[in-house]
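The block underneath contains the structure these notes are about, expressed in C-alpha coordinates.
Computed over heavy atoms, backbone and side chain alike; hydrogens, waters and symmetry mates excluded.
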Amino acid sequence: MNVAFYAPMKPPDHPVPSGDRAMARLLMKALDYGGHRTFLASRFRTWQSAPDLTRQARLADLGERLAYRLTKRFQGQPKAEQPDAWLTYHLYYKAPDFIGPKVTAALGIPYLLVEASLAYKRAGGPWDVGHRAALTAVDAAEMVFQINPEDAECLPPEARQSLLPAFLDGSADRRALADRQRLRAEMAERCSLPMDCPWIVAVAMMRDDVKLVSYRILAEALGRLTHLPWRLLLVGDGPARGAVEAAFDAALGACKDRVRYLGTLPQTAVAEPLAAADLFAWPSINEAYGMALLEAQACGLAVVSGDRPGVAAILRDGETGLLAPAGDVEAFAVALKQLLVDDEGRTRMGQAAAAHAAKNHDLAVAAERLTAALEEARR
(Lines give C-alpha, C1' and ligand atoms only; values in the text may rest on other atoms or scores of the structure.)
Protein backbone atom coordinates (compact mmCIF):
# COMPACT_ATOMS: atom_id res chain seq x y z
CA MET A 1 0.00 0.00 0.00
CA ASN A 2 1.26 3.50 -0.84
CA VAL A 3 0.96 5.76 2.21
CA ALA A 4 1.30 9.54 2.08
CA PHE A 5 2.80 10.77 5.37
CA TYR A 6 2.53 14.29 6.76
CA ALA A 7 3.60 15.95 10.03
CA PRO A 8 2.32 19.54 10.21
CA MET A 9 4.11 20.28 13.49
CA LYS A 10 7.60 19.24 12.38
CA PRO A 11 8.56 17.22 9.28
CA PRO A 12 10.69 14.13 9.87
CA ASP A 13 13.67 15.68 8.06
CA HIS A 14 13.65 18.89 10.15
CA PRO A 15 17.20 19.81 11.27
CA VAL A 16 16.33 20.28 14.96
CA PRO A 17 16.04 17.03 16.94
CA SER A 18 13.04 16.48 19.21
CA GLY A 19 10.64 13.80 20.33
CA ASP A 20 8.20 14.87 17.62
CA ARG A 21 10.78 14.42 14.91
CA ALA A 22 11.84 11.07 16.33
CA MET A 23 8.26 9.76 16.40
CA ALA A 24 7.56 11.01 12.87
CA ARG A 25 10.59 9.10 11.62
CA LEU A 26 9.56 6.02 13.58
CA LEU A 27 6.05 6.08 12.13
CA MET A 28 7.43 6.13 8.60
CA LYS A 29 9.83 3.35 9.52
CA ALA A 30 7.01 1.27 11.03
CA LEU A 31 4.93 1.66 7.87
CA ASP A 32 7.88 0.60 5.75
CA TYR A 33 8.48 -2.33 8.11
CA GLY A 34 4.87 -3.37 7.51
CA GLY A 35 5.59 -3.66 3.78
CA HIS A 36 4.13 -0.32 2.67
CA ARG A 37 5.71 2.31 0.45
CA THR A 38 5.73 5.42 2.59
CA PHE A 39 6.58 8.85 1.24
CA LEU A 40 6.56 12.36 2.67
CA ALA A 41 3.59 14.14 1.12
CA SER A 42 4.60 17.66 2.17
CA ARG A 43 7.03 19.59 4.36
CA PHE A 44 4.48 22.38 4.87
CA ARG A 45 4.80 23.36 8.55
CA THR A 46 1.73 24.92 10.17
CA TRP A 47 2.95 25.07 13.77
CA GLN A 48 2.74 28.40 15.60
CA SER A 49 4.01 29.13 19.09
CA ALA A 50 1.69 32.11 19.57
CA PRO A 51 -1.62 33.05 17.97
CA ASP A 52 -1.45 35.25 14.89
CA LEU A 53 -4.75 35.48 13.01
CA THR A 54 -3.17 36.97 9.91
CA ARG A 55 -0.58 34.22 9.67
CA GLN A 56 -3.16 31.53 10.40
CA ALA A 57 -5.28 32.82 7.52
CA ARG A 58 -2.25 32.78 5.23
CA LEU A 59 -1.39 29.24 6.28
CA ALA A 60 -4.96 28.10 5.66
CA ASP A 61 -4.95 29.69 2.21
CA LEU A 62 -1.57 28.21 1.33
CA GLY A 63 -2.70 24.81 2.61
CA GLU A 64 -5.74 24.89 0.34
CA ARG A 65 -3.57 25.70 -2.67
CA LEU A 66 -1.07 22.98 -1.77
CA ALA A 67 -3.90 20.47 -1.40
CA TYR A 68 -5.14 21.34 -4.89
CA ARG A 69 -1.66 20.97 -6.39
CA LEU A 70 -1.04 17.68 -4.61
CA THR A 71 -4.39 16.30 -5.76
CA LYS A 72 -3.66 17.19 -9.37
CA ARG A 73 -0.19 15.70 -9.12
CA PHE A 74 -1.43 12.45 -7.65
CA GLN A 75 -4.25 12.19 -10.20
CA GLY A 76 -1.72 12.57 -12.99
CA GLN A 77 0.37 9.65 -11.76
CA PRO A 78 -0.10 6.01 -12.78
CA LYS A 79 -2.57 4.25 -10.48
CA ALA A 80 0.17 2.08 -8.97
CA GLU A 81 2.02 5.21 -7.77
CA GLN A 82 -0.94 7.07 -6.31
CA PRO A 83 -1.41 7.06 -2.52
CA ASP A 84 -3.80 4.44 -1.16
CA ALA A 85 -4.05 6.18 2.22
CA TRP A 86 -2.90 9.32 4.02
CA LEU A 87 -1.54 9.46 7.58
CA THR A 88 -1.02 12.72 9.49
CA TYR A 89 1.00 12.75 12.70
CA HIS A 90 0.49 15.12 15.67
CA LEU A 91 -2.41 17.38 14.94
CA TYR A 92 -3.88 20.04 17.22
CA TYR A 93 -4.90 23.69 17.10
CA LYS A 94 -1.30 24.94 16.96
CA ALA A 95 -0.40 22.52 14.15
CA PRO A 96 -3.52 21.83 12.04
CA ASP A 97 -3.64 19.85 8.82
CA PHE A 98 -4.98 22.06 6.05
CA ILE A 99 -3.98 19.56 3.34
CA GLY A 100 -4.85 15.95 4.19
CA PRO A 101 -8.64 16.14 4.50
CA LYS A 102 -8.96 17.91 1.14
CA VAL A 103 -6.60 15.58 -0.74
CA THR A 104 -8.12 12.39 0.66
CA ALA A 105 -11.67 13.57 -0.04
CA ALA A 106 -10.73 14.37 -3.65
CA LEU A 107 -8.97 11.03 -4.17
CA GLY A 108 -11.44 8.94 -2.19
CA ILE A 109 -8.77 7.37 0.02
CA PRO A 110 -8.67 6.79 3.82
CA TYR A 111 -7.45 9.57 6.08
CA LEU A 112 -5.82 8.48 9.35
CA LEU A 113 -4.40 10.44 12.26
CA VAL A 114 -1.80 9.60 14.88
CA GLU A 115 -1.79 11.69 18.07
CA ALA A 116 -4.61 14.19 17.66
CA SER A 117 -6.36 16.36 20.20
CA LEU A 118 -8.99 19.09 20.30
CA ALA A 119 -9.23 22.06 22.65
CA TYR A 120 -12.79 23.38 22.46
CA LYS A 121 -11.91 26.39 24.60
CA ARG A 122 -9.96 27.69 21.59
CA ALA A 123 -13.14 28.01 19.52
CA GLY A 124 -13.91 31.62 18.64
CA GLY A 125 -10.66 32.93 20.12
CA PRO A 126 -7.28 33.83 18.62
CA TRP A 127 -6.65 30.16 17.79
CA ASP A 128 -10.02 29.65 16.10
CA VAL A 129 -8.65 28.99 12.60
CA GLY A 130 -6.37 26.23 13.87
CA HIS A 131 -9.07 24.78 16.10
CA ARG A 132 -11.62 24.58 13.28
CA ALA A 133 -9.06 22.97 10.97
CA ALA A 134 -8.18 20.38 13.63
CA LEU A 135 -11.88 19.68 14.17
CA THR A 136 -12.39 19.19 10.42
CA ALA A 137 -9.47 16.77 10.31
CA VAL A 138 -10.74 14.70 13.25
CA ASP A 139 -14.20 14.55 11.66
CA ALA A 140 -12.65 13.32 8.40
CA ALA A 141 -10.44 10.66 9.99
CA GLU A 142 -11.37 7.02 9.62
CA MET A 143 -9.18 6.23 12.62
CA VAL A 144 -7.29 8.26 15.21
CA PHE A 145 -4.38 6.47 16.86
CA GLN A 146 -3.53 7.91 20.26
CA ILE A 147 -0.03 7.46 21.65
CA ASN A 148 -0.88 9.34 24.83
CA PRO A 149 -4.09 7.95 26.40
CA GLU A 150 -4.81 11.44 27.79
CA ASP A 151 -5.47 12.72 24.26
CA ALA A 152 -8.37 10.30 23.80
CA GLU A 153 -10.40 12.32 26.30
CA CYS A 154 -10.03 15.43 24.10
CA LEU A 155 -11.99 14.02 21.15
CA PRO A 156 -15.77 13.66 20.73
CA PRO A 157 -17.32 10.26 21.59
CA GLU A 158 -18.10 9.51 17.94
CA ALA A 159 -14.43 9.68 16.91
CA ARG A 160 -12.97 6.27 16.13
CA GLN A 161 -9.91 5.89 18.31
CA SER A 162 -7.36 3.20 19.05
CA LEU A 163 -4.33 3.15 21.33
CA LEU A 164 -0.96 2.96 19.60
CA PRO A 165 1.55 2.61 22.44
CA ALA A 166 4.72 4.66 22.02
CA PHE A 167 7.34 2.56 20.27
CA LEU A 168 10.89 2.58 19.01
CA ASP A 169 13.28 0.58 16.91
CA GLY A 170 15.00 -1.19 19.76
CA SER A 171 17.66 -2.97 17.71
CA ALA A 172 20.41 -0.43 18.54
CA ASP A 173 19.37 -0.38 22.20
CA ARG A 174 19.56 -4.16 22.46
CA ARG A 175 23.02 -4.16 20.85
CA ALA A 176 24.20 -1.49 23.28
CA LEU A 177 22.78 -3.38 26.25
CA ALA A 178 24.62 -6.53 25.18
CA ASP A 179 27.85 -4.49 25.01
CA ARG A 180 27.30 -2.70 28.31
CA GLN A 181 30.63 -3.56 29.97
CA ARG A 182 32.73 -2.24 27.11
CA LEU A 183 30.63 0.91 26.77
CA ARG A 184 30.82 1.56 30.50
CA ALA A 185 34.58 1.16 30.56
CA GLU A 186 35.00 3.52 27.60
CA MET A 187 32.65 6.10 29.13
CA ALA A 188 34.49 5.90 32.46
CA GLU A 189 37.79 6.63 30.78
CA ARG A 190 36.47 9.35 28.47
CA CYS A 191 34.55 11.22 31.19
CA SER A 192 36.73 10.41 34.23
CA LEU A 193 33.95 8.51 35.96
CA PRO A 194 34.42 6.07 38.85
CA MET A 195 33.22 2.57 38.02
CA ASP A 196 32.14 1.74 41.56
CA CYS A 197 29.22 4.15 42.00
CA PRO A 198 25.84 4.48 40.25
CA TRP A 199 25.63 6.62 37.12
CA ILE A 200 22.43 8.51 36.54
CA VAL A 201 21.58 9.65 33.01
CA ALA A 202 19.05 12.08 31.55
CA VAL A 203 18.37 12.86 27.89
CA ALA A 204 16.56 16.06 26.92
CA MET A 205 16.91 19.23 24.89
CA MET A 206 17.90 22.29 26.90
CA ARG A 207 15.08 24.70 26.12
CA ASP A 208 13.73 27.59 28.15
CA ASP A 209 10.35 25.96 28.73
CA VAL A 210 9.16 22.90 30.64
CA LYS A 211 12.45 21.18 29.79
CA LEU A 212 14.28 23.74 31.92
CA VAL A 213 11.72 23.24 34.69
CA SER A 214 12.46 19.51 34.64
CA TYR A 215 16.21 20.13 34.71
CA ARG A 216 15.82 22.40 37.73
CA ILE A 217 13.74 19.82 39.61
CA LEU A 218 16.35 17.15 38.83
CA ALA A 219 19.10 19.46 40.10
CA GLU A 220 17.22 20.25 43.31
CA ALA A 221 16.47 16.58 43.95
CA LEU A 222 20.08 15.56 43.47
CA GLY A 223 21.15 18.45 45.67
CA ARG A 224 19.41 16.60 48.52
CA LEU A 225 21.36 13.42 47.80
CA THR A 226 24.97 14.61 47.75
CA HIS A 227 25.66 12.37 50.75
CA LEU A 228 25.29 9.40 48.40
CA PRO A 229 27.87 8.42 45.76
CA TRP A 230 26.60 9.00 42.20
CA ARG A 231 27.52 10.68 38.93
CA LEU A 232 25.17 12.35 36.44
CA LEU A 233 25.41 12.20 32.63
CA LEU A 234 23.36 14.81 30.76
CA VAL A 235 22.73 14.20 27.06
CA GLY A 236 21.35 17.25 25.28
CA ASP A 237 22.03 20.88 24.49
CA GLY A 238 20.21 24.01 23.46
CA PRO A 239 19.63 27.69 24.17
CA ALA A 240 19.04 27.08 27.90
CA ARG A 241 22.39 25.32 28.42
CA GLY A 242 23.67 28.17 30.60
CA ALA A 243 20.55 28.12 32.77
CA VAL A 244 20.79 24.34 33.15
CA GLU A 245 24.41 24.53 34.26
CA ALA A 246 23.58 27.34 36.67
CA ALA A 247 20.80 25.23 38.20
CA PHE A 248 23.12 22.30 38.89
CA ASP A 249 25.93 24.56 40.12
CA ALA A 250 23.55 26.19 42.62
CA ALA A 251 21.95 22.94 43.79
CA LEU A 252 25.10 20.84 44.04
CA GLY A 253 27.62 23.42 45.24
CA ALA A 254 30.93 21.69 45.94
CA CYS A 255 29.58 18.53 44.26
CA LYS A 256 28.88 20.20 40.90
CA ASP A 257 31.85 18.34 39.38
CA ARG A 258 29.77 15.15 39.55
CA VAL A 259 27.89 16.26 36.43
CA ARG A 260 29.12 15.45 32.92
CA TYR A 261 27.65 17.38 30.00
CA LEU A 262 27.79 15.17 26.91
CA GLY A 263 26.02 17.61 24.57
CA THR A 264 23.78 16.59 21.69
CA LEU A 265 24.56 13.13 20.36
CA PRO A 266 23.50 11.57 17.04
CA GLN A 267 20.37 9.48 17.56
CA THR A 268 22.36 6.34 16.76
CA ALA A 269 24.78 7.12 19.61
CA VAL A 270 22.29 7.96 22.41
CA ALA A 271 21.98 4.28 23.33
CA GLU A 272 25.65 4.18 24.38
CA PRO A 273 25.49 6.38 27.51
CA LEU A 274 22.09 4.86 28.32
CA ALA A 275 23.45 1.32 28.27
CA ALA A 276 26.55 2.38 30.21
CA ALA A 277 24.56 4.02 33.02
CA ASP A 278 22.68 2.51 35.97
CA LEU A 279 19.55 4.65 36.28
CA PHE A 280 17.53 7.07 34.15
CA ALA A 281 15.98 10.10 35.85
CA TRP A 282 13.67 12.76 34.42
CA PRO A 283 10.92 14.78 36.17
CA SER A 284 8.80 14.79 32.97
CA ILE A 285 7.04 18.10 33.54
CA ASN A 286 4.21 18.25 30.95
CA GLU A 287 5.74 15.38 28.95
CA ALA A 288 3.30 13.69 26.58
CA TYR A 289 5.05 10.36 27.13
CA GLY A 290 8.81 10.83 26.69
CA MET A 291 10.63 8.88 24.00
CA ALA A 292 13.84 9.05 26.02
CA LEU A 293 12.15 7.22 28.90
CA LEU A 294 11.16 4.45 26.53
CA GLU A 295 14.63 4.19 25.02
CA ALA A 296 16.17 4.07 28.49
CA GLN A 297 13.99 1.08 29.36
CA ALA A 298 14.96 -0.62 26.09
CA CYS A 299 18.59 -0.15 27.15
CA GLY A 300 17.91 -1.98 30.41
CA LEU A 301 17.59 1.00 32.75
CA ALA A 302 15.18 1.45 35.60
CA VAL A 303 13.53 4.87 35.30
CA VAL A 304 12.56 7.46 37.89
CA SER A 305 10.04 9.89 36.41
CA GLY A 306 7.37 12.39 37.25
CA ASP A 307 3.91 10.84 37.05
CA ARG A 308 2.13 11.86 33.85
CA PRO A 309 -0.64 9.90 32.06
CA GLY A 310 1.49 9.30 28.97
CA VAL A 311 4.52 8.33 31.04
CA ALA A 312 2.45 5.93 33.14
CA ALA A 313 1.37 4.27 29.88
CA ILE A 314 4.96 3.24 29.07
CA LEU A 315 6.45 2.79 32.56
CA ARG A 316 5.19 0.22 35.05
CA ASP A 317 5.49 1.79 38.47
CA GLY A 318 7.29 -0.50 40.88
CA GLU A 319 8.23 -2.92 38.10
CA THR A 320 10.27 -1.06 35.46
CA GLY A 321 10.81 2.11 37.48
CA LEU A 322 9.29 4.52 39.96
CA LEU A 323 6.80 7.37 39.46
CA ALA A 324 6.78 10.42 41.72
CA PRO A 325 4.07 13.11 41.77
CA ALA A 326 4.90 15.53 38.95
CA GLY A 327 6.75 18.61 40.20
CA ASP A 328 7.31 17.26 43.73
CA VAL A 329 11.06 17.67 44.35
CA GLU A 330 11.05 15.84 47.67
CA ALA A 331 9.15 12.83 46.30
CA PHE A 332 11.43 12.70 43.29
CA ALA A 333 14.50 12.75 45.55
CA VAL A 334 13.02 9.94 47.67
CA ALA A 335 12.42 7.78 44.57
CA LEU A 336 15.94 8.44 43.33
CA LYS A 337 17.42 7.53 46.70
CA GLN A 338 15.41 4.30 46.81
CA LEU A 339 17.04 3.03 43.62
CA LEU A 340 20.47 4.54 44.21
CA VAL A 341 20.91 2.53 47.41
CA ASP A 342 19.24 -0.66 46.18
CA ASP A 343 21.60 -2.20 43.63
CA GLU A 344 19.64 -5.44 43.42
CA GLY A 345 16.26 -3.75 43.00
CA ARG A 346 17.66 -1.35 40.42
CA THR A 347 19.09 -4.23 38.39
CA ARG A 348 15.86 -6.22 38.63
CA MET A 349 13.82 -3.25 37.41
CA GLY A 350 16.27 -2.64 34.57
CA GLN A 351 15.91 -6.20 33.35
CA ALA A 352 12.12 -5.95 33.55
CA ALA A 353 12.25 -2.65 31.67
CA ALA A 354 14.18 -4.16 28.75
CA ALA A 355 11.75 -7.08 28.51
CA HIS A 356 8.73 -4.75 28.74
CA ALA A 357 10.01 -2.46 25.98
CA ALA A 358 10.80 -5.36 23.65
CA LYS A 359 7.40 -7.00 24.13
CA ASN A 360 5.08 -3.99 24.10
CA HIS A 361 6.86 -1.02 22.50
CA ASP A 362 8.92 -2.32 19.60
CA LEU A 363 8.71 -1.34 15.95
CA ALA A 364 7.22 -4.68 14.87
CA VAL A 365 4.29 -4.29 17.30
CA ALA A 366 3.46 -0.83 15.95
CA ALA A 367 3.83 -1.97 12.33
CA GLU A 368 1.29 -4.73 12.88
CA ARG A 369 -1.29 -2.36 14.41
CA LEU A 370 -0.87 0.27 11.72
CA THR A 371 -1.12 -2.28 8.91
CA ALA A 372 -4.29 -3.77 10.34
CA ALA A 373 -5.89 -0.32 10.52
CA LEU A 374 -4.86 0.59 7.00
CA GLU A 375 -6.26 -2.61 5.58
CA GLU A 376 -9.54 -2.18 7.47
CA ALA A 377 -9.89 1.46 6.36
CA ARG A 378 -9.30 0.50 2.74
CA ARG A 379 -12.14 -2.03 2.66
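- Leu177 belongs to no hydrophobic cluster, as no Ile, Leu, Val, Met, Phe, Trp or Tyr side chain comes under 4.5 Å of its own.
- Residues forming a side-chain contact (heavy atoms from CB on, under 4.5 Å) with Lys94 (at least two apart in sequence, or on another chain): Trp47, Tyr92, Trp127.
- With hydrogens and angles disregarded, a donor-acceptor distance shorter than 3.5 Å links the side chain of Gln56 to the backbone of Gly130.
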Worked verdict on Arg346 versus Asp343 for salt bridge (Lys or Arg N to Asp or Glu O under 4.0 Å) | CA-CA 5 Å; Arg346 190 175 65 237; Asp343 294 348; 3.0 Å; yes
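- Legend: ring-ring contact (aromatic ring centres under 6.0 Å, His included) pairs involving residues 177-223, not counting sequence neighbours, sorted by first then second residue: Tyr215-Trp282.
- Think of Val329 as one node in a network of Ile, Leu, Val, Met, Phe, Trp and Tyr side chains linked at under 4.5 Å; its network also takes in Val210, Val213, Ile217, Ile285.
- Taking the charged nitrogens against the carboxylate oxygens, Arg175 and Glu272 have no contact shorter than 4.0 Å, which rules out a salt bridge.
- Residues Met195 and Arg184 approach most closely at O-NH2, 3.3 Å, considering heavy atoms.
- In this structure, the side chain of Asp362 engages the main chain of Gly170 through a donor-acceptor pair within 3.5 Å.
- Not a single ring-ring contact (aromatic ring centres under 6.0 Å, His included) links Phe248 to another residue, sequence neighbours left out.
- For the atom pair CD (Glu115) and OH (Tyr89), the distance works out to 4.0 Å, reported to the nearest 0.5 Å.
- Without hydrogens or angle criteria, Arg37 side chain to Glu81 main chain gives a donor-acceptor distance under 3.5 Å.
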Apply the test side chain to side chain donor-acceptor pair (under 3.5 Å) to residues Asp169 and Ser171: give CA-CA distance (whole Å), side-chain angles for both, the deciding distance (0.1 Å), then the verdict.
-> CA-CA 6 Å; Asp169 181 354; Ser171 55; 2.9 Å; yes
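- Remark: the backbone N or O of Ala313 is not paired with any side-chain donor or acceptor of Arg316 at under 3.5 angstrom.
- Tyr111 belongs to a hydrophobic cluster with Tyr6, Phe39, Phe44, Leu59, Leu62, Leu66, Leu70, Phe74, Trp86, Leu91, Phe98, Ile99, Val103, Leu107, Ile109, Leu113, Leu118, Tyr120, Val129, Leu135, Val138, Val144, Leu155, counting contacts under 4.5 Å between side-chain heavy atoms of Ile, Leu, Val, Met, Phe, Trp and Tyr, direct or through other members.
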